[in-house]
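Data first, discussion second: the structure below is written as structure tokens.
Owing to the predicted nature of the structure, the values given are computational and were not obtained by experimental measurement.
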Amino acid sequence: MEQTPEPMEKQESNLKMDGSAVLIQGLKDQGVEVVFGYPGGAVLPIYDALYKDPIPHVLARHEQGAIHAAEGYARVSGKPGVVIATSGPGATNLVTGITDAMMDSLPLVVFTGQVATTVIGTDAFQEADIIGITTPITKHNYQVQDVADLPRIIKEAFHIASTGRRGPVLVDVPKNIATEIFVTEEERYAEVNLPGYQPTTSPNYLQIQKAAEALANAKKPLILAGAGVLHGQAMEELKELVETKKIPVTNTLLGLGSIAGNHELFLGMAGMHGTYTANMAISECDVLLNVGARFDDRLTGNLNSFATNAKVIHIDIDPAEIGKNVPTEIPIVADSKKALAALLKQDFKAPDTADWWIHLNDMTEDAPLWYIEDEHEILPQQAIQMVHRITEGDAIVTTDVGQHQMWAAQYYALNNPDHWVTSGGLGTMGFGFPAAIGAQIARPDKRVIAFVGDGGFQMTAQELSLLQEMRLPVKIVILNNGALGMVRQWQETFYDERYSQSLIPVQPDFVKLAEAYDIKGYRITKKDDAEQIFREALLSDEPALIDCRVKMKENVYPMIAPGKGLHEMIGVKSK
């Protein structure tokens, strides 16, 4: 009986593998659980390999939906979101999502198809220089030139995306590379070796000592917790530092959830639409400990008046962020969890903050968040409070950008970390709904709610197809004010109410739209009906769309006008 030695069987199997099969095997080696994508000509070999050797795949109805869903998955799961799209328009349709992920430090590994290497640069059909286009908006990108390099590139891509300051990595795969025969597995088992990429994760001991001394001697200390706390899974260390030293803490927009929204030492969100107390605390503090925030302009307002009394301590895994916008006396380049753990080991004395807390509590009591109830119309703030009450603050919340985003940040106090998914740095309309799909896939055990505006929702509404197809019980809450709300507010406030192209007089019937996709639709027009409708929709086990008609001319307050400092808020209502 003829027998073939095992090594020969392995070699024969390898000879039958092409680049596409290697790619799929590489994803499996990385533990990829789901892929988001949209097929096309240049990636047909990859999709054929996926057919033969399946990984769960989410067929979005637009590439933008695919990449925003991957962002939502990455934010909630902590694992890289994986996206596949074809060359040319398929790849360029990903650009907004790639930029969004880059600005918000979300790990993505994006595979784009490309025309064959023999015709690159000839303006071939569906050719686009995606490497050139994405170089400024990716952490790193590759164009595969040799199928033998593919296993190494895949491993490096996942490593780069998920270490240091996380971010998107793009791998461009020419069609001929996807079909070339792969003859060796040596690279598959090799360790990642990137001498030029060695992120610093452990803090400098002397800098930690300086930070501990500064905090111990402070009279008005404040902790600013950004998304870096969440990315580094440093929530417990943050909580211990806040509670043992009785130091007040505030969040950036992307840092929400790093400490419980109802924590007694939490001052609320800071920045353009932050609380009066949080912004004044930044303006008046004498030591500011920034953990994982990049001091962007929506947080700082006018830099000339930002934290002028404070000694600034900045912990960040990305050294480029330290000192970029705000002068920093004590820089600490490190992973947030390791840095805070090291700081806690110093066991420094708690600062004397008794008078500081009296002052902060007085400000909170005198100038809380506020709105004026309308006799007839439901306000967006009330709608969000109802949703919060019904879900007990335990839902994963996603948003687009705009008024609804700010109201959700203000009025949906999060109980848990990694339950807040929003487009911060780029401010992307159309992000919230597909991000909710990705979040629900990452956490099928959780209730996921997408707060969206009537404008942004229409940019990615086609992804409704996925809810019934995949049996995803995502709840979509459209805060429908018949306008591009934040644009309208700015036009009212700064452009003498010249509402140029910000009002939307004609809309689809969102309930019928939902029903067209076999999804239960609800409409709220009366305040008295709102609680009952929200309860029925939110507590069901099925997907639901709620078209909540809210007051058009309701504004988000407080607010910091362009060019003003944090201490110059408008819309502050004192008791």
Please name the pair of heavy atoms, one in G425 and one in L254, separated by the smallest distance, quoted to 0.1 Å.
N-CD1, 4.5 Å
Contacts satisfying ring pair (Phe, Tyr, Trp, His ring centres under 6.0 Å) that involve residues 275-327 (not counting sequence neighbours) are F295-F306, F295-H314
Passes side chain to side chain contact (heavy atoms under 4.5 Å, CB included), H419 versus V397? Steps please.
CA-CA 6 Å; H419 278 42; V397 171; over 6 Å; no
Hey, can you pull the donor-acceptor pairs under 3.5 Å for the side chains in residues 429-438, sequence neighbours left out?
none

Once you round to the nearest 0.5 Å, how far does CD1 of I524 lie from CE of M386?
7.5 Å
Looking just at side-chain N and O atoms, do Y371 and Q385 make a donor-acceptor pair shorter than 3.5 Å?
yes
Please determine whether the number of non-hydrogen atoms from other residues, nucleotides or ligands lying under 6.0 Å from atom CZ of R61 exceeds 12.
yes
Passes side chain to side chain contact (heavy atoms under 4.5 Å, CB included), K245 versus L215? Steps please.
CA-CA 9 Å; K245 308 304 180 184; L215 289 169; over 6 Å; no
Flag side-chain contact, heavy atom, 4.5 Å: P351 against N217
no
Side chains of N555 and R488: any donor to acceptor distance under 3.5 Å?
yes
Stepwise, does the salt bridge (charged side-chain N to carboxylate O under 4.0 Å, His left out) test hold for R523 with D509?
CA-CA 10 Å; R523 182 174 292 112; D509 184 324; 2.5 Å; yes
Any salt bridge (charged side-chain N to carboxylate O under 4.0 Å, His left out) involving residues 225-238? Give me the pairs, sequence neighbours left out, ordered by first then second residue.
E237-K337
Any salt bridge linking E321 with R165? Criterion: basic side-chain nitrogen under 4.0 Å from a carboxylate oxygen.
yes
Are E554 and Q381 close enough that a side-chain donor and a side-chain acceptor fall under 3.5 Å?
yes
Check D100 against T428 and note the closest heavy-atom contact, atom names and distance.
OD2-OG1, 2.7 Å
Going from CD1 on I358 to CG on L360, what distance comes out if it is rounded to the nearest 0.5 angstrom?
10.0 Å
For N480 and D547, does a side-chain donor sit closer than 3.5 Å to a side-chain acceptor?
yes
Row check, Y522 ring normal vs K520 NZ/CZ: under 6.0 Å, within 45°:
yes
Ring centroid separation for Y411 and W407, is it under 6.0 angstrom?
no
Check the pair S258, K239 against side chain to side chain donor-acceptor pair (under 3.5 Å), reporting the backbone distance first and the verdict last.
CA-CA 9 Å; S258 57; K239 182 181 178 184; over 6 Å; no
Hydrogens and angles aside, do D400 and Q405 bring a side-chain donor and acceptor to less than 3.5 Å of each other?
no
Looking only at side chains, do D418 and Q233 share a donor and an acceptor under 3.5 Å apart?
yes
Given side chain to side chain contact (heavy atoms under 4.5 Å, CB included), test I546 with F510 step by step and report yes or no.
CA-CA 8 Å; I546 304 105; F510 289 113; over 6 Å; no
Check: D296/N325 side-chain N/O donor and acceptor closer than 3.5 Å:
no
Identify every side-chain donor-acceptor pair in residues 525-533 under 3.5 Å, counting partners at least two apart or on other chains, and give the distances.
residue: K527; atom: NZ; partner: D374; partner atom: O; Å: 2.5
residue: E531; atom: OE1; partner: R389; partner atom: NH2; Å: 2.5
residue: E531; atom: OE2; partner: R535; partner atom: NH2; Å: 3.3

Charged N to carboxylate O below 4.0 Å: is that the case for K311 and D286?
no
Walk me through whether D394 and K446 qualify under salt bridge (charged side-chain N to carboxylate O under 4.0 Å, His left out).
CA-CA 8 Å; D394 191 42; K446 297 295 295 187; 3.0 Å; yes
Looking only at non-hydrogen atoms, find the nearest pair between N290 and G292 and report the distance.
OD1-N, 3.6 Å
Rounded to the nearest 0.5 Å, what separates atom OG1 in T300 from atom CG in L303?
4.0 Å
How close do E463 and G65 get, counting heavy atoms only, and between which atoms?
OE2-CA, 3.7 Å
Yes or no on side chain to side chain contact (heavy atoms under 4.5 Å, CB included) for L379 and V550, after CA distance, side-chain angles and deciding distance?
CA-CA 5 Å; L379 302 183; V550 297; over 6 Å; no
Listed partners of E497 passing side-chain contact (heavy atoms from CB on, under 4.5 Å), at least two apart
E492, Y499
Going by atom types only, do N302 and E568 share a side-chain donor-acceptor pair under 3.5 Å?
no
Y412-T391 side chain donor-acceptor pair, cut-off 3.5 Å:
yes
Between E243 and H263, does any side-chain donor sit less than 3.5 Å from a side-chain acceptor?
yes
Heavy-atom closest pair (D454 atom, L479 atom, distance to 0.1 Å) is OD1-O, 3.7 Å
P331 meets the side-chain contact (heavy atoms from CB on, under 4.5 Å) criterion, sequence neighbours left out, with Q207, I322, T328
If you compare all heavy atoms of Q462 against all heavy atoms of Y517, which two are closest, and at what distance to 0.1 Å?
CA-OH, 3.8 Å
